Asker: 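I have a structure here, written as structure tokens, and I will follow up with some questions on it.
Quantities reported herein were computed from a predicted structural model and do not represent experimental measurements.
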Amino acid sequence: MIYEGKTKDVYKLEDGNYLLKFKDDLTGEAGVFDPGANSVALSIDGAGKAGLRLSKFFFEKLEEKEIPTHYIEADIEKATMTVKSAEVFGEGLEVICRYRAVGSFLGRYGKYVEEGEQLDAYVEVTLKDDERGDPLINKDALAMLDILSKDEYKELKMLTKNIAAVVKEELKKKGIELYDIKFEFGRVGADKEIALIDEISGSNMRAYKDGEYIEPLVLSKIMLEEE
């Protein structure tokens, strides 16, 4: 094991790839789930496997569309996902695509926007920095700090919108609306191609059906039609 995370542990394999071990822990505040939170708030039996099942589903959809990711394969019973080695930007970035004004966006800009107001796939980038509350950062600062070039930022933003659109469309097939979703990216392979890393599960998105928020385990069951 080379890294113990909030919701996953990371192991390095002999062949140079990595193994992600999904946990049953979820981020939030005061025992309430929040995909944007920086600490573990609750643990639910089966959450890790549910997140992995949904991640496998979405990664394979992206593979069909030739969108680059680090995904290789998943073992649901062991709650593990094998992935390619990836070099993160700086010490890690989180990229959020927003379709509705909720969460931290509403907290920052509530003077100018109504809760739940439609947004046009608005993309935000934050630094992974728990101590400083994952501060927002713009493309000029990313380039100035040598974290991400302006050309890389343009590609990152395009990938974010394309991937979010795929997720949004798949959710729509089940009558579910995507409000926002958080991604992580890295440079993969010898050519340092920008690719989606980490996961795509209910624990990093806000999804609603008939105006009601859908919890991560429930979302996985609806999407995969589990009994």
Side-chain angles (χ1 to χ4, degrees), residues 5-8 22-44 46-48 50-59 61-62 93-110 112-128 130 133-136 157 159-185 196-224 226:
K6 301 181 190 74
T7 59
K8 290 183 293 297
F22 283 62
K23 302 180 181 180
D24 288 336
D25 296 331
L26 298 170
T27 58
E29 296 290 343
V32 179
F33 169 71
D34 180 352
N38 290 325
S39 58
V40 171
L42 65 163
S43 182
I44 302 174
L52 178 57
R53 287 189 186 98
L54 203 52
S55 291
K56 179 178 185 291
F57 171 81
F58 281 123
F59 274 120
K61 289 291 181 184
L62 296 177
L93 300 176
E94 291 182 341
V95 188
I96 305 99
C97 187
R98 300 185 181 277
Y99 292 101
R100 293 227 180 224
V102 293
S104 60
F105 181 92
L106 182 66
R108 288 192 301 273
Y109 309 123
Y112 300 93
V113 67
E114 295 292 327
E115 183 174 1
E117 189 172 319
Q118 292 273 4
L119 303 174
D120 186 20
Y122 178 71
V123 174
E124 292 181 329
V125 180
T126 70
L127 300 176
K128 288 191 73 173
D130 291 351
D134 293 346
L136 281 171
K157 185 175 179 180
L159 275 172
T160 297
K161 289 193 172 192
N162 289 346
I163 295 167
V166 171
V167 175
K168 190 173 191 287
E169 184 60 30
E170 290 299 325
L171 293 179
K172 187 179 178 181
K173 292 176 183 177
K174 300 287 187 176
I176 300 169
E177 183 181 354
L178 179 64
Y179 275 31
D180 60 27
I181 186 164
K182 177 176 64 179
F183 299 123
E184 294 187 34
F185 293 88
L196 180 71
I197 63 173
D198 197 45
E199 65 179 286
I200 313 175
S201 69
S203 65
N204 59 359
M205 68 178 80
R206 289 186 180 91
Y208 286 71
K209 187 168 187 175
D210 300 325
E212 295 292 326
Y213 168 71
I214 305 172
E215 295 182 352
L217 269 72
V218 177
L219 179 64
S220 180
K221 288 179 181 178
I222 294 173
M223 290 301 297
L224 303 176
E226 298 171 358

Asker: What distance do Phe185 atom CZ and Ile163 atom CD1 have between them, rounded to the nearest 0.5 Å?
Answerer: 4.0 Å
Asker: Whether Asp130 and Lys6 form a salt bridge (side-chain N of Lys/Arg under 4.0 Å from carboxylate O of Asp/Glu) is what I want to check.
Answerer: yes
Asker: Could you tell me the separation between the NZ atom of Lys174 and the CG atom of Leu219, rounded to the nearest 0.5 Å?
Answerer: 11.0 Å
Asker: Within 45 degrees of the axis of the six-membered ring of Tyr122 and under 6.0 Å from its centre: does Arg98 put its NZ or CZ there?
Answerer: no
Asker: Begin with the C-alpha distance, continue with both residues' side-chain angles, and end with the deciding distance and a verdict on side chain to side chain contact (heavy atoms under 4.5 Å, CB included) for Phe105 and Ile96.
Answerer: CA-CA 10 Å; Phe105 181 92; Ile96 305 99; over 6 Å; no
Asker: Centre-to-centre under 6.0 Å for Tyr213 and Tyr208, is that the case here?
Answerer: yes
Asker: Apply side chain to side chain contact (heavy atoms under 4.5 Å, CB included) to the pair Glu184 and Lys128, showing each step before the final yes or no.
Answerer: CA-CA 10 Å; Glu184 294 187 34; Lys128 288 191 73 173; 3.2 Å; yes
Asker: Does Lys8 have more than 12 heavy atoms from other residues, nucleotides or ligands lying within 6.0 Å of its NZ?
Answerer: yes
Asker: How far apart are the closest heavy atoms of Phe22 and Ser55, and which atoms are they?
Answerer: CE2-OG, 4.2 Å
Asker: Take atom NZ of Lys161 as the centre, draw a 6.0 Å sphere, and report whether it contains more than 12 heavy atoms from other residues, nucleotides or ligands.
Answerer: yes
Asker: Start with the C-alpha distance between Met223 and Ile176, add both sets of side-chain angles, then the distance that settles side chain to side chain contact (heavy atoms under 4.5 Å, CB included), and finish with yes or no.
Answerer: CA-CA 9 Å; Met223 290 301 297; Ile176 300 169; 4.1 Å; yes
Asker: Starting at SG of Cys97, measure out to NZ of Lys182 and round the result to the nearest 0.5 Å.
Answerer: 14.0 Å
Asker: Kindly determine whether Ile200 and Met205 satisfy side chain to side chain contact (heavy atoms under 4.5 Å, CB included), including the steps that lead there.
Answerer: CA-CA 8 Å; Ile200 313 175; Met205 68 178 80; 4.2 Å; yes
Asker: Among Glu169, Glu177, Glu170, which residue satisfies the salt bridge (Lys or Arg N to Asp or Glu O under 4.0 Å) criterion with Lys173?
Answerer: Glu170
Asker: Measuring from Ser104:OG to Asp134:CG, what's the distance to the nearest 0.5 Å?
Answerer: 9.5 Å
Asker: Quick one: does Val125's side chain get under 4.5 Å of Thr160's, heavy atoms only?
Answerer: no
Asker: Just wondering, do Leu159 and Val95 contact through their side chains at under 4.5 Å, heavy atoms?
Answerer: no
